[in-house]
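Written below as structure tokens is the structure these notes are about.
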Amino acid sequence: MIENREALRSAAAAARQELDSYDCRILVCSGTGCIATGSQKIYEEFLKIAKDEPGVSVDFAPHDGNSHVGVKKTGCQGVCELGPLVRIQKGDRVTQYTKVKIEDCKEIFERSVRGDDVVESLFYSQKGVSYRSPDEIPFIAKQTRVVLENCGKFDAESFEEYLAGGGFTAFEKALFEMTPSEVVDVVDQSGLRGRGGGGFPTGRKWKQVAGQAEKERYIVCNGDEGDPGAFMDGSVMEGDPYKLIEGMMIAGYAVGSANGYIYVRAEYPMSVARLKHAIAELEKRHMLGDHILGTDFSFHMHINRGAGAFVCGEGSALTASIEGNRGMPRVKPPRTVEKGLWAKPTVLNNVETFANVPKIVLNGAQWYRTMGTEGTPGTKTFSLTGTIQNTGLIEVPMGTTLREIIFDIGGGLKDGGSFKAVQIGGPSGGCLTEEHLDVPLDFESIKKYGAIVGSGGLVVMDDHTCMVEVARFFMSFTQRESCGKCVPCREGTKRMLEILEKLLEAGESLRIWTAWRSWRRWLRAWRCAALEKVRRCRC
């Protein structure tokens with residue numbers, strides 16, 4: 001039980017001491033991507049080897065003079081297509097292994113855990129250069145990680161490791177050293193804008209909720225990440241759930257709310273499991289519930305699973321779904337800040353927005369403004385997918401250009417292909433082409449070209465991509481996911497989809513006709529050549 005501020009600090013000091021006591025830590029990526037390629041079996045194999053090794057202790061607890069080895073399941077380590085990923089940490093030195101197989105575990109343990117050698121064949125290699133440390137890999141080295149800071153470094157399920165890494169220091173500061181209005185002010189002054197798509201100023205939203213006459217208020221996190229190709233919020237929820245919860249607790253204190261809801265889409269079972277585990281761990285230690293740390297502040301967390309409806313990513317549809325009603329958007333006003341969940345004032349932000357809050361409270365508004373642009377400070381997470389050399393999860397300062405993301409971080413296009421376009425912002429977004437490669441990615445700049453930053457999905461396409469097919473795919477998705485409430489959406493998307501399908505059918509017919517004509521020309525030329533050869537023949 002952590003009953004007061006002194007107990008929290010004592011628990012953090014003990015956790016840091018325990019973390020520092022490890023002789024070596026084996027960090028196995030357990031994000032969804034690596035789990036799909038077999039990292040759970042890799043984790044179990046390392047655990048088995050460590051436990052069978054004489055003189056080795058693997059528990060996060062006081063231990064004797066044995067060698068202390070930690071086998072940990074981390075969140076997404078970033079370079080998703082190279083999984084399963086494993087990091088070996090000895091003091092400040094970290095070795096990154098890629099595409100690890102079961103049969104590699106014993107060699108890694110003998111050479112890199114027991115000894116100080118490496119298995120160079122498992123290093124990340126690019127253009128003939130091998131990289132040992134994850135921070136040396138261009139894909140990671142060129143990023144600025146704030147939201148994803150802990151992913152890949154700590155056990156995603158461990159409260160103690162989150163505490164040892166500085167977790168809940170921001171919540172402690174807010175609770176004991178700041179008034180609620182001061183917390184709202186620092187978030188407002190930081191310039192943090194909602195990372196779910198629209199970019200609405202977060203501090204302004206919090207002020208509007210805090211200023212409502214109604215005293216019963218709610219904090220709601222939108223974890224319904226439904227854009228095709230997007231997996232940023234899911235990676236935060238499964239890789240650093242305590243940071244998200246801490247951000248929501250700070251928001252609850254700032255606006256006077258005692259209840260927080262996380263709405264997670266059904267396709268994220270691991271996010272749900274790890275959030276439930278984190279909430280249970282916090283409740284067990286009295287870090288969630290009534291009179292947290294001996295104060296008058298109480299906060300309770302709840303998880304709601306969505307049914308996979310894309311439309312529930314919209315605020316009013318999301319709150320309707322939590323209430324047990326059909327997830328359908330409603331006309332505004334009233335807005336969510338006035339009448340949101342259960343018709344009460346509601347702070348509704350997405351996962352990435354809340355995950356930014358602890359560092360802002362801890363380091364101050366001016367620190368946050370040192371990153372990004374004047375109008376859009378801070379960083380942004382993106383999922384990088386498509387025909388690109390390095391797919392994965394990235395975080396860069398707002399204002400970074402597409403050229404930097406695609407060619408410097410992403411390593412360019414696969415198989416020497418030529419860049420054609422990138423789809424950004426999900427189904428409601430648009431495509432940016434070669435002429436937009438040097439446009440800074442921030443909310444204002446992108447709007448000028450008919451696209452939006454959105455939640456952060458980037459789908460890269462090469463010169464073999466049919467843009468009409470891309471438009472048809474996203475229109476098909478939009479038409480299928482329409483709630484059907486409004487005629488322009490219900491009927492309009494259907495008609496637009498039909499037009500695109502006819503264009504594709506016409507294009508296919510034209511392709512066949514062109515191929516047939518080419519074949520006829522070739523046959524005619526061959527026949528003429530054959531006849532000419534016969535005429536010239538003198539035998």
- Determine, step by step, whether Val94 and Asp135 satisfy the side chain to side chain contact (heavy atoms under 4.5 Å, CB included) criterion, reporting the C-alpha distance in whole Å, the side-chain angles of both residues, the deciding distance to 0.1 Å, and the verdict. CA-CA 9 Å; Val94 182; Asp135 293 332; over 6 Å; no
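- In this structure the side chain of Phe154 never reaches within 4.5 angstrom of the side chain of Lys72, judged on heavy atoms.
- In this structure, the side chains of Arg145 and Lys153 stay at 4.5 Å or more apart for every pair of heavy atoms.
- Of the possible polar contacts, none joining the Arg25 side chain to the Gly70 backbone as a donor-acceptor pair under 3.5 Å is found.
- The residue from Leu85, Ile88, Asp104 that alone fulfils the side chain to side chain contact (heavy atoms under 4.5 Å, CB included) condition with Tyr97 is Ile88.
- Remark: the backbone N or O of Arg111 is not paired with any side-chain donor or acceptor of Asp117 at under 3.5 angstrom.
- The two atoms that bring Ala174 and Tyr253 nearest to each other are O-CE2, 3.2 Å, heavy atoms only.
- Side-chain contact between Pro84 and Tyr43 is absent, with no heavy-atom pair separated by less than 4.5 Å.
- Within the 4.5 Å cutoff, no side-chain heavy atoms of Thr74 are placed close to those of Arg87.
- In terms of the salt bridge (Lys or Arg N to Asp or Glu O under 4.0 Å) criterion, Lys41 has no residue partners (sequence neighbours excluded).
- Applying the ring pair (Phe, Tyr, Trp, His ring centres under 6.0 Å) rule to His286 yields no partners; only residues at least two apart in sequence or on another chain are considered.
- Surrounding CD of Glu444 are more than 12 heavy atoms belonging to other residues, nucleotides or ligands, all under 6.0 Å away.
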Name the atoms and distances for all side-chain donor-acceptor pairs under 3.5 Å in residues 270-282, with sequence neighbours left out.
from: Ser271; atom 1: OG; to: Gly234; atom 2: O; distance (Å): 3.3
from: Arg274; atom 1: NH1; to: Ser30; atom 2: O; distance (Å): 3.2
from: Arg274; atom 1: NH1; to: Glu238; atom 2: O; distance (Å): 2.8
from: Arg274; atom 1: NH2; to: Ser30; atom 2: O; distance (Å): 3.2
from: His277; atom 1: NE2; to: Glu157; atom 2: O; distance (Å): 3.1
from: Glu281; atom 1: OE1; to: Arg285; atom 2: NH1; distance (Å): 2.8
from: Glu281; atom 1: OE1; to: Arg285; atom 2: NH2; distance (Å): 3.3
from: Glu281; atom 1: OE2; to: Lys284; atom 2: NZ; distance (Å): 3.3

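- Taking CD of Glu225 as the start and CG of Asn350 as the end, the distance is 8.5 Å to the nearest 0.5 Å.
- Of all the heavy atoms in Ile388 and Lys414, the pair that sits closest is O-CE, 3.2 Å.
- Contact check for Ile42 versus Ile102: side-chain heavy atoms found under the 4.5 Å cut-off.
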- Using the side chain to side chain contact (heavy atoms under 4.5 Å, CB included) rule, take Ile245 and Phe171 through it: C-alpha gap first, then chi angles, then the decisive distance, then the call. CA-CA 10 Å; Ile245 294 170; Phe171 174 69; over 6 Å; no
- Message: Does Asn390 form a side chain to side chain contact (heavy atoms under 4.5 Å, CB included) with Leu384? I'd like the steps, not just the answer.
- Response: CA-CA 8 Å; Asn390 303 319; Leu384 200 53; 5.9 Å; no
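- Between Phe159 atom CZ and Tyr242 atom OH the span is 7.5 Å, to the nearest 0.5 Å.
- Residues Gln96 and Pro134 approach most closely at OE1-CB, 3.5 Å, considering heavy atoms.
- Side-chain contact between Phe382 and Val453 is present, with at least one heavy-atom pair separated by less than 4.5 Å.
- A heavy-atom distance below 4.5 Å is found between the side chains of Met287 and Leu8.
- No more than 12 heavy atoms of other residues, nucleotides or ligands shown are found within 6.0 angstrom of CD on Gln17.
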- Evaluate the criterion side chain to side chain contact (heavy atoms under 4.5 Å, CB included) for residue pair Leu175 and Met249; output intermediate values, then yes/no. CA-CA 10 Å; Leu175 196 59; Met249 291 169 70; over 6 Å; no
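- With Gln77 contributing its side chain and Leu27 its backbone, the two residues share a donor-acceptor pair below 3.5 Å.
- Distance check: Ile108 CD1 to Thr95 OG1 gives 10.0 Å after rounding to the nearest 0.5 Å.
- In this structure, CG on Leu192 lies 9.0 Å from CD on Glu352, to the nearest 0.5 angstrom.
- Looking at Lys420 and Asp463, no side-chain N of the basic residue comes within less than 4.0 Å of a carboxylate O on the acidic one, giving no salt bridge.
- Looking only at distances, a side-chain donor or acceptor of Ser39 sits under 3.5 Å from a matching main-chain atom of Cys29.
- The neighbour count for Lys90 NZ, taken as heavy atoms of other residues, nucleotides or ligands under 6.0 Å away, is above 12.
- Checked against the 6.0 Å centroid threshold, Phe231 and Tyr268 do not count as a close aromatic pair.
- With Glu395 contributing its side chain and Thr379 its backbone, the two residues share no donor-acceptor pair below 3.5 Å.
- For His302, the ring pair (Phe, Tyr, Trp, His ring centres under 6.0 Å) partners at least two apart in sequence or on another chain are Tyr261.
- Between Thr391 and Glu81 the shortest heavy-atom distance is N-OE2, 2.8 Å.
- Rounding to the nearest 0.5 angstrom, the gap separating the CD atom in Gln89 from the CG atom in Leu19 is 7.0 Å.
- Side-chain atoms of Glu107 never come within 3.5 Å of backbone atoms of Glu103 as a donor-acceptor pair (strictly under, hydrogens ignored).
- Residue Glu110 places its CD atom among more than 12 non-hydrogen atoms of other residues, nucleotides or ligands, all under 6.0 Å distant.
- Of the possible donor and acceptor atoms, one in the side chain of Glu246 sits under 3.5 Å from a partner among the backbone N and O of Phe168.
- Proximity of Cys431 to Met461: side-chain heavy atoms (C-beta onward) are separated by under 4.5 Å at one or more points.
- Under the 30°/60° scheme for interplanar angles, the aromatic rings of Phe419 and Phe407 are found to stand perpendicular.
- The shortest non-hydrogen separation linking Ala355 to Pro358 is O-CD, 3.6 Å.
- Lys243 places a side-chain N or O within donor-acceptor distance of the main-chain N or O of Val147, the cut-off being under 3.5 Å.
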Show every donor-acceptor pair shorter than 3.5 Å between a side-chain atom in residues 182-189 and any protein atom, with sequence neighbours excluded, or say none if there are none.
from: Glu182; atom 1: OE1; to: Thr179; atom 2: N; distance (Å): 2.9
from: Asp188; atom 1: OD2; to: Lys207; atom 2: NZ; distance (Å): 3.0

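- Nearest heavy atom pair, residue Ala254 against residue Pro180, reads O-CB, 3.4 Å.
- Proximity of a side-chain donor or acceptor of Asp23 to a complementary backbone N or O of Val69 within less than 3.5 Å is not detected.
- Residues Glu136 and Arg132 are not paired through a salt bridge, judged by the lack of any N-O separation under 4.0 Å between the basic side chain and the carboxylate.
- The line from CG of Leu348 to CG of Asn222 is 6.0 Å long, rounded to the nearest 0.5 Å.
- Using modelled atom types, no side-chain atom of Ser298 and backbone atom of Ile292 make a donor-acceptor pair closer than 3.5 Å.
- Scored by the salt bridge (Lys or Arg N to Asp or Glu O under 4.0 Å) test, Glu120 finds no partners at all (sequence neighbours excluded).
- The 12-atom threshold is exceeded at NZ of Lys173, counting heavy atoms of other residues, nucleotides or ligands nearer than 6.0 Å.
- More than 12 non-hydrogen atoms from other residues, nucleotides or ligands lie less than 6.0 angstrom from CG of Asp438.
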